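The chains referred to below are lettered A, B, ... by the order of the sequence lines, with proteins before strands, and numbering in each begins at 1. The model shown is predicted, which means the values in this text are computed figures rather than measured ones.
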Protein chains: 2
Amino acid sequence: MAETARTPVSRRRPQDDPADPGDRRSRYGNRPTMKDVAARAGVGLKTVSRVVNGEPGVTPDTERRVQEAIDALGFRRNDSARVLRKGRTASIGLVLEDLADPFYGPLSRAVEEVARAHGALLINGSSAEDPEREQELVLALCARRVDGLVVIPAGDDHRYLEPEIAAGVATVFVDRPPGHIDADVVLTDSFGGARDGVAHLIAHGHRRIGFIGDQPRIHTAIERLRGYRAAMADAGIEVDEAWVSLGPTHPERVARAAEAMLAGPDPVTAIFTGNNRVTVTVVRVLAGRPRPVALVGFDDIELADLLSPGVTVVAQDAAQLGRTAAERLFRQLDGASGPPERVELPTRLITRGSGELPPAR
Amino acid sequence: MAETARTPVSRRRPQDDPADPGDRRSRYGNRPTMKDVAARAGVGLKTVSRVVNGEPGVTPDTERRVQEAIDALGFRRNDSARVLRKGRTASIGLVLEDLADPFYGPLSRAVEEVARAHGALLINGSSAEDPEREQELVLALCARRVDGLVVIPAGDDHRYLEPEIAAGVATVFVDRPPGHIDADVVLTDSFGGARDGVAHLIAHGHRRIGFIGDQPRIHTAIERLRGYRAAMADAGIEVDEAWVSLGPTHPERVARAAEAMLAGPDPVTAIFTGNNRVTVTVVRVLAGRPRPVALVGFDDIELADLLSPGVTVVAQDAAQLGRTAAERLFRQLDGASGPPERVELPTRLITRGSGELPPAR
DNA sequence: CTGAAAGCGCTTACAG
DNA sequence: CTGAAAGCGCTTACAG
């Protein structure tokens with residue numbers, strides 16, 4: 001990569017070193033190696049290694065000489081080589097759906113903080129909700145020999161991970177369970193959260209309640225729909241299937257679904273939305289309507305309290321989800337044994353007004 | 001890491017292979033290597049390498065035998081070893097302020113997409129606005145020998161990067177320029193954006209306009225303040241220093257600053273906020289006040305259009321920022337030469353109501 | 001306290 | 001078309 005050194009910064013490799021063997025042409029833009037440091041300091045390779053890694057058993061004088069050579073050459077240990085010998089890469093992979101989705105920001109950050117506390121770096125990637133891309137990304141991370149994986153699955157068959165897990169790659173799934181394999185998983189109680197949210201609407205007098213959720217192949221979408229149906233059943237309300245809509249969460253589809261439920265002679269008087277993206281779109285749809293429609297959304301959204309009415313939500317703690325998963329991962333790496341566990345985090349109903357609107361007449 | 005293989009998944013390494021030399025005890029949970037594949041297929045190491053990498057010059061029959069051995073052993077190439085030999089790691093580092101900040105989500109995703117198009121993985125980390133942590137993270141990435149770095153700097157002195165850049169690590173700074181070194185940088189036109197936003201408030205009759213921004217050691221905070229002063233000067237308005245407040249962007253500090261400007265006999269009639277976090281807090285403060293106060297914020301925020309009034313903003317394109325930076329990075333890696341460049345992306349004023357309020361009497 | 005040799009799992013450069 | 005040898009930059013295991 002020497003050809004990219006387009007800066008005026010001068011090369012650190014001194015030309016005037018008589019100890020310079022002169023036969024090094026590494027690919028790393030001529031970076032000095034431990035061998036170079038050893039030659040310049042007049043010591044063995046292992047002594048340099050000791051100094052670089054702060055191992056004991058080096059006289060202060062020798063250490064000083066080595067340190068001087070390190071500084072003079074601008075040496076920085078190649079962790080990529082170190083990793084090959086040591087076996088652990090001190091890095092973990094995080095595969096999620098979309099780095100740009102605000103739901104995953106706090107989750108990523110939480111995973112990062114735990115990784116940092118364990119001295120590991122985070123390699124991050126988006127599956128874009130594409131099972132093939134998920135697999136491609138996960139296997140690329142395995143090829144890099146990450147110590148562990150935190151995966152928010154897009155696909156529903158993770159048997160491709162079996163050899164990797166057997167080979168020792170610690171793995172924790174988050175937000176959705178893996179398919180066809182047994183592994184640690186950290187979830188939000190989607191069923192319970194949705195049931196509570198819908199029950200809240202029923203308690204405020206609603207009976208014709210719509211549900212708009214994500215695609216049916218996504219676990220959380222199904223679970224939240226189950227929660228919706230359970231709450232309706234508990235109240236003895238028969239669900240008209242015209243009130244239920246699952247599908248992609250892009251604004252056009254969601255807006256169409258909402259409009260459909262609100263049209264006709266017998267429109268819904270309330271809507272339960274299955275995630276943050278759906279909620280945002282439905283809020284927009286409802287803002288353009290004269291008659292108030294009650295709304296409870298799964299996931300909290302920024303500024304929800306400042307809208308009129310404020311948006312009542314079933315909040316999940318994305319950061320806690322990430323933290324819990326990452327901590328389980330490092331517990332696996334620290335040698336914890338036992339069967340895979342399933343952790344379910346509770347949700348929290350936050351009432352702000354939209355969920356407490358009475359049914360329109 | 002064999003101790004973490006707690007799943008019922010069976011080991012892929014067959015025990016019945018007579019070609020098995022039996023003396024391999026790798027640290028990678030006994031992962032098969034090319035050597036193992038070669039032994040099983042009865043071919044040389046180089047032939048395995050050819051098949052794995054899709055190189056030409058292998059008879060279909062040999063290829064088939066090798067492929068069978070690969071499948072039987074569950075071999076996956078160790079890219080970590082490959083990297084050591086090849087020189088390029090096909091990974092880039094992205095150091096930003098906070099993965100959880102919604103501003104950085106689209107930026108990260110855009111960098112990731114460009115990296116993906118170039119076959120590279122993304123290693124991601126938050127500096128938490130701490131210069132030491134930024135340096136620690138950047139140098140850890142250099143030790144891993146990432147091919148390049150995209151850095152949103154927290155610190156103001158990046159001379160520590162000189163040896164790395166000289167050694168060939170491609171580097172692009174984003175959102176804020178580096179300190180004391182010359183390198184590619186992609187910025188938003190903070191000065192122009194702020195000037196336009198403040199001029200918009202002046203055009204709507206305001207003269208007593210507050211400015212609440214980030215800490216003064218942050219480049220964008222200073223630039224936006226400069227834009228504010230320029231707009232005021234252009235209109236012949238003398239700035240009362242009580243209208244200006246720079247500091248940390250946590251809600252308490254920002255709310256206090258806003259309250260102070262709005263108190264007293266001669267309060268400001270409009271506020272210009274320096275970034276998304278400041279805007280969110282000021283919207284909250286203003287929502288609790290009887291008299292309308294005009295507001296223009298730097299950075300767009302979700303649902304801004306649904307508040308009453310809608311929040312007028314000076315929007316920057318975070319995704320475009322990330323894309324531009326990553327593309328420059330890969331152009332460097334592809335051997336582009338020339339002096340470092342500074343790219344400045346324009347902002348866009350989006351009027352939604354809050355910025356068009358007249359001064360309160 | 002110090003260092004030479006072997007090896008991590010690949011690719012490179014070369015010879016058959 | 002195929003493969004043995006050397007080497008990437010470190011650490012490990014061992015001997016002085």
Counting only side-chain nitrogens and oxygens, does [X] get under 4.0 Å of the OP1 or OP2 atom of [N]?
X: R82(A); N: dT11(D); result: yes
X: N53(A); N: dT11(D); result: yes
X: T62(A); N: dT2(C); result: yes
X: T59(A); N: dT2(C); result: yes
X: K86(B); N: dC10(C); result: no
X: S49(B); N: dT11(C); result: yes

Rounded to the nearest Å, what distance is computed from the CZ atom of residue F75(B) to the P atom of nucleotide dG9(C)?
10 Å
Nearest-Å distance for atom pair CD/P, residues E55(A) and dA13(D):
12 Å
Kindly point out which of [options] is positioned nearest to the side chain of [X]?
X: V58(B); options: dT2(D), dT12(D), dC1(C); value: dT2(D)
X: M34(A); options: dG9(D), dG3(C), dC10(D); value: dC10(D)
X: T47(B); options: dG3(D), dA13(D), dC10(C); value: dG3(D)
X: T33(B); options: dT11(D), dC14(C), dG9(C); value: dG9(C)

Heavy-atom nearest nucleotide on DNA chain D taken for V43(B) and for A81(B); more 5' hit belongs to V43(B)
With a non-hydrogen cut-off below 4.0 angstrom, is R77(A) in contact with a base, only sugar-phosphate, or nothing?
sugar-phosphate
Can you tell whether the side chains of K46(A) and E55(A) come within less than 4.0 Å, N to carboxylate O?
yes
Using the side-chain contact (heavy atoms from CB on, under 4.5 Å) rule, pick out the option among L137(B), D175(B), N124(B) that qualifies with L96(B).
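Result: among L137(B), D175(B), N124(B), N124(B) is the only option passing the side-chain contact (heavy atoms from CB on, under 4.5 Å) with L96(B).
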Taking pairing as Watson-Crick or G-U wobble with both contacts under 3.5 Å, can you name the mate of dA4(D), or confirm there isn't one?
none
Please name the nucleotide paired to dA13(D) by Watson-Crick or G-U wobble geometry with both distances under 3.5 Å, or report none.
none
